[in-house]
Amino acid sequence: MVLTLELPVRPAIPAIFATYEQRFGALPYWLDELHSLDAQALLRLALRRGAPLAPADLPY
């Protein structure tokens, strides 16, 4: 008999998401609807300008 420990598999979260949350709080709910690369670009933009994201920042 072999004892094993099963851990949930979680995708790696880019550090930019954690940095945004530390600086501005929770991520916007609509960020999940965007492609990962688009979301990361918007987060970098928000961190660069020093203001949290708003719905007006959506690319469409």
Query - Identified side-chain contact (heavy atoms from CB on, under 4.5 Å) counterpart of L58 within the set L53, L31, L34 - result: L34
Query - Interatomic spacing from CG in L42 to CG in L27 - rounded to 0.5 Å - result: 11.5 Å
Report task. Identify, with sequence neighbours excluded, every residue that meets side-chain hydrogen bond (donor to acceptor under 3.5 Å, both in side chains) alongside T19. Result -> none
Query - Residue pairs passing the salt bridge (charged side-chain N to carboxylate O under 4.0 Å, His left out) test where at least one lies in residues 30-46, sequence neighbours excluded - result: none
Report summary line: In short, F17 meets A39 closest at the heavy-atom pair CZ-CB, 4.3 Å
**Report entry** R23 to G50 - nearest heavy-atom pair and separation
**Finding:** NH2-CA, 3.9 Å
**Report entry** Separation of F24 CZ from L43 CG (nearest 0.5 Å)
**Finding:** 9.5 Å
**Report entry** Residues in salt bridge (Lys or Arg N to Asp or Glu O under 4.0 Å) contact with D57, at least two apart in sequence or another chain
**Finding:** R49
Query raised in the report: Looking only at heavy atoms, which two atoms of Y20 and A26 are closest? And how far apart?
Result: CE2-O, 3.9 Å
